[in-house]
Each structure stands twice: as C-alpha cells, then as structure tokens.
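This report concerns only the one structure given below.
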Amino acid sequence: MKETKKGQLAKKLLSDSAWSIAGLVLMNMTAQFAVYPLWNRELGNDAYGRILYLIAGMNIIAVSMGVACNYARMKASAEGKTENRPYSRILLITTCALVPWCVLVSLFAGGEGANLPETGLLVLLGIATMWRYYADVEYRLSLDYQAFFVYYLAISIGYGIGAGLFLWLKLWPLALLPGEMAGIFLVYRRGTVLRKIETENAGQDQAVTGMVTTLFATEVISNLILNGDRMLLNLLVNATAVTVYYQASLMGKTMALVTMPLNSVLIGYLSRFKGGLTKKNMNRVTLACLAAVPAATLAATVGSHILIRILYPQNYELVSPYFIMANVAQVAFFVSGVAATVLLRFCRTGYQLYINLVYAGLFILLCVPGVLLRQVEGLCIGMMIAGLLKLGYVLLLGYKSIKNS
C-alpha cells in the first residue's frame, strides 16, 4: 500500500508538472515568439531595445512584489490556513507606489523619450503584471494545475488580442495588457484570493509583512540582476546593444519556461512535505544541477542558431557570436533558481536574500567593468562567471543547512 501511494503521488506530480509547464510555456511562447518579434519588426532595433529596458525597469517592482506575496503565501500555507487580507493590503500599497516608479523608469528610457499615452499604459501594465503574478497562487494553494493551465491559456489569448491592438494603435504596452487583465479577471470571477477580504482578523498581518518584505528584497535583487543586462547596456552603451544581448540569450532565457513551472509545482508539494533536508536528497539536487547546466546550454545554443534565424533573421549575423556565453549565463541562473526553491522550503527565508546579495555583488564586480571594456561581449563573460558562482553558492548553502539541522 505504501508503494502504491508513492506511485500515485509520483503520477500526480508528473501530471501537475505537465499542466503547469504547458500553461507557462504557452504564455511565454506567445509573448517571446509572437509579440516580441512583432515589436522588433514594426519598430526597429533601437526602439525594441528601449521597450526591453522599460519592461525590465517595470518588472523590478511589479514582478518582485507579485512573486514575493505569492511565495510568502505558499510558505505560510505549510503552517496552516492563510487569509487574503495581509497580501491584498501589501499589493494595494505597492499599486500606489508603482505609479511614480513607472513614470521614473520612462523618464530614463532614452531614445525618443516618453510620451503620455505610453507612460500611462506602462503604469497600468505594471499594476496588472504584479497582480497577475500573485493571482496564480489560487491554483497553487489548491494544487489544481488543470485550472492553472486554463489561467495561462486565457493570458495567452489576451496577448494575441493585444498584438492586434498594437498593430492598430502602435502603442507597445497594449500588446501585453489585455493578457495580464484576462488572468486577473479569471481569478476574480472563479477564485477567492482576489475577492474575499477579511476585515476583522489582523493576526497574520505582522508575520506576513515580515516574510513578504524579506522575499520582496530578495526578488528585487534577483530582478535587478535578471534585468541588469538591459539596464547596463541601455545606460552605458545604447538600446541596440540591449537588442543584441537579449536575442543572443533568448534560448537560455527560454529555459525559464521549464524552471518557472517546475518551481511552482515544487513549492506547492514541498509546502506539504513535513520532513527535513537530508544529505542524500541534497546530493541528488547537486547531481541534477551539474548535469542540467551543460545539457541545457548545448540545447539552448543549437536552438539559438535555429530560432533566431526564424524570429529575427535580420539580426542573426549580429547576435550569433554571443550564443554560447550568453546561454551558459542564463542556464546557470535559472538552474540555481530551481535549487534555491528547494532551499526556500527547508532553510531560513533569509537564505534567499543571501544568495541574491552574493550574486548582486558578483554582477557588479564582473559585469559593469565588462560592459565598459568589451560592451556586449564583456557582459556575456561577466554574466557567465557570475551565474556559475551563484549556482555553487546555492549548493553550498544547501549542504550547510544539513549540518545545522
């Protein structure tokens, strides 16, 4: 009977992973392989690089807070029932803060400068993105990954509608905004995490605020680094350099299409696991990570030669020299993210902050001089070394947690 239960759990985990991966891959493929190339074709390399910079700047706050509230609620659910009140309150406060933040990001975008309709839509996109990143906690709490797939299907359809709006009005945020709003609307209508707000019980507020603050700081650092390539190249070189590095690393970034849903499923199941982290399990995590980096890099590099020829044929010769280095950097970053998700369940929440602080230091020490000396090539080298060192540090923290447990 025990083996049967293990088999059923493994089958359920595989099924949930498949639904989760399918949903997120569909959404990201719609954005990365349909919307983004459309921007490049219609607006050119310089304007496209500027858009990538604006999205990066917006995501530093929007995605960081959405993910922080999402992960905090999943972590808290391992201890007992959670309520909507503290998370909704934090998100509402951040909604107000996103207005001046997005305006500031627009002012420093360079190029032709910000215009009022674009800036207003960027603000709305930032707010919608933050709530959408939080809203999928509805399905992760209930482990309903078929509904999770439907959620991301609705977002993908919204992106398709948005692409048509962009072609009509030439305002780039319109390509993404309908998709983000579709996801929020679906959870609001069918779920509970965006609707029922407790008004009397404030007992969880202080604990949740502390946890979200720590995770938010962690995610801000992570997103600063994840999007730091765009920020550095736009500020120190030009917007076209942003386009070159982004397209060179596109397949490596696409590995997030697998790691992000795996993280989602992992944290959902790990939140219900009551045991501790053992050396045997940590060895398995290490071996998996060490095998994944070269395998994924090879796949990403081969895929880059195929995909960039199809999606961005006008830029293939410009970006192909950077494929290997750029993909190693991205693969190492996302593989370490999966390992860090395991640590989130078994180790102190503060470990996530330590990991990203170390990576931030490596990024500044290696990538800023690299960009100043060798521009795109220098960034590739710095990101590659920083990503591999981050992975090593994550694994070391895992083993340290076993000794201290």
Side-chain angles (χ1 to χ4, degrees), residues 28 31-32 35-37 39-40 43 45-68 94 97-114 118-119 121-130 132-133 172-173 175-177 179-180 216-250 252-257 260 319 322 326 329-330 333-334 337 356 359-360 363-364 367-368 370-371 375-376 379-380 382-383 386-387:
N28 282 283
Q32 298 291 346
V35 174
Y36 280 46
W39 284 336
N40 198 186
L43 302 176
N45 283 342
D46 190 69
Y48 180 61
R50 180 175 173 274
I51 291 170
L52 294 173
Y53 166 83
L54 288 167
I55 292 174
M58 174 196 79
N59 284 346
I60 288 170
I61 299 298
V63 173
S64 296
M65 184 53 79
V67 171
T94 311
L98 270 170
V99 177
W101 173 257
C102 290
V103 171
L104 189 65
V105 168
S106 290
L107 291 175
F108 284 91
E112 296 180 0
E118 181 186 274
T119 301
L121 287 170
L122 179 67
V123 170
L124 292 177
L125 180 61
I127 293 169
T129 297
M130 178 182 68
R132 192 266 292 172
Y133 266 85
W172 70 265
L176 299 179
L177 187 58
E180 306 300 279
F216 175 66
T218 301
E219 291 297 326
V220 164
I221 296 169
S222 178
N223 277 298
L224 276 169
I225 299 162
L226 181 63
N227 297 293
D229 51 3
R230 308 180 198 183
M231 313 293 284
L232 273 181
L233 290 172
N234 191 70
L235 294 173
L236 300 182
V237 187
N238 54 47
T240 299
V242 178
T243 297
V244 171
Y245 181 77
Y246 176 80
Q247 292 175 3
S249 62
L250 178 59
K253 288 178 183 291
T254 303
M255 294 301 168
L257 303 183
M260 285 173 60
V319 304
Y322 308 110
Q330 296 302 320
F333 182 87
F334 289 120
N356 286 319
Y359 189 52
F363 181 85
I364 293 169
C367 297
V368 174
V371 170
Q375 297 188 357
V376 175
L379 178 66
C380 288
M383 292 281 285

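S64 is linked by a side chain to side chain donor-acceptor pair (under 3.5 Å) to N223, counting only residues two or more places apart in sequence or in another chain. Remark: T129 pairs with E180 by the side chain to side chain donor-acceptor pair (under 3.5 Å) rule, at least two apart or across chains. With sequence neighbours excluded, the residues forming a ring-ring contact (aromatic ring centres under 6.0 Å, His included) with F333 are Y359, listed by chain and number. Checked against ring-ring contact (aromatic ring centres under 6.0 Å, His included), F363 has no partners two or more places apart in sequence or in another chain.
By the 30° and 60° cut-offs, the orientation of the rings of W39 relative to Y48 is tilted.
Closest of all the heavy-atom pairs between A128 and L177 is CB-CD1, 4.0 Å. For R50 against A239, the heavy-atom pair with the smallest separation is N-CB, 3.8 Å.
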Side chain to side chain contact (heavy atoms under 4.5 Å, CB included) evaluation trace for V123 with L98: CA-CA 7 Å; V123 170; L98 270 170; 5.8 Å; no
Side chain to side chain contact (heavy atoms under 4.5 Å, CB included) evaluation trace for W101 with I60: CA-CA 10 Å; W101 173 257; I60 288 170; 4.2 Å; yes
Residues L54, W172; criterion side chain to side chain contact (heavy atoms under 4.5 Å, CB included); working and verdict: CA-CA 11 Å; L54 288 167; W172 70 265; 3.7 Å; yes
Steps toward side chain to side chain contact (heavy atoms under 4.5 Å, CB included) verdict (N40, Q247): CA-CA 11 Å; N40 198 186; Q247 292 175 3; 2.9 Å; yes
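Listed for the T243 side chain is a donor-acceptor partner under 3.5 Å among the backbone atoms of G49.
Rounded to the nearest 0.5 angstrom, N227 CG and Y246 OH are separated by 10.0 Å.
Between L250 and Q32, some side-chain heavy-atom pair lies under the 4.5 Å cut-off. Contact annotation: the side chain of L52 approaches that of Y36 to within less than 4.5 Å [non-hydrogen atoms, C-beta and beyond]. Side chains of I51 and I55 form a contact here, defined as non-hydrogen atoms less than 4.5 Å apart.
The salt bridge (charged side-chain N to carboxylate O under 4.0 Å, His left out) pairs that include a residue from residues 232-244 number zero, where partners must be two or more places apart or lie in different chains. Identified under the salt bridge (charged side-chain N to carboxylate O under 4.0 Å, His left out) test for residues 222-244, with sequence neighbours left out: D229-K253.
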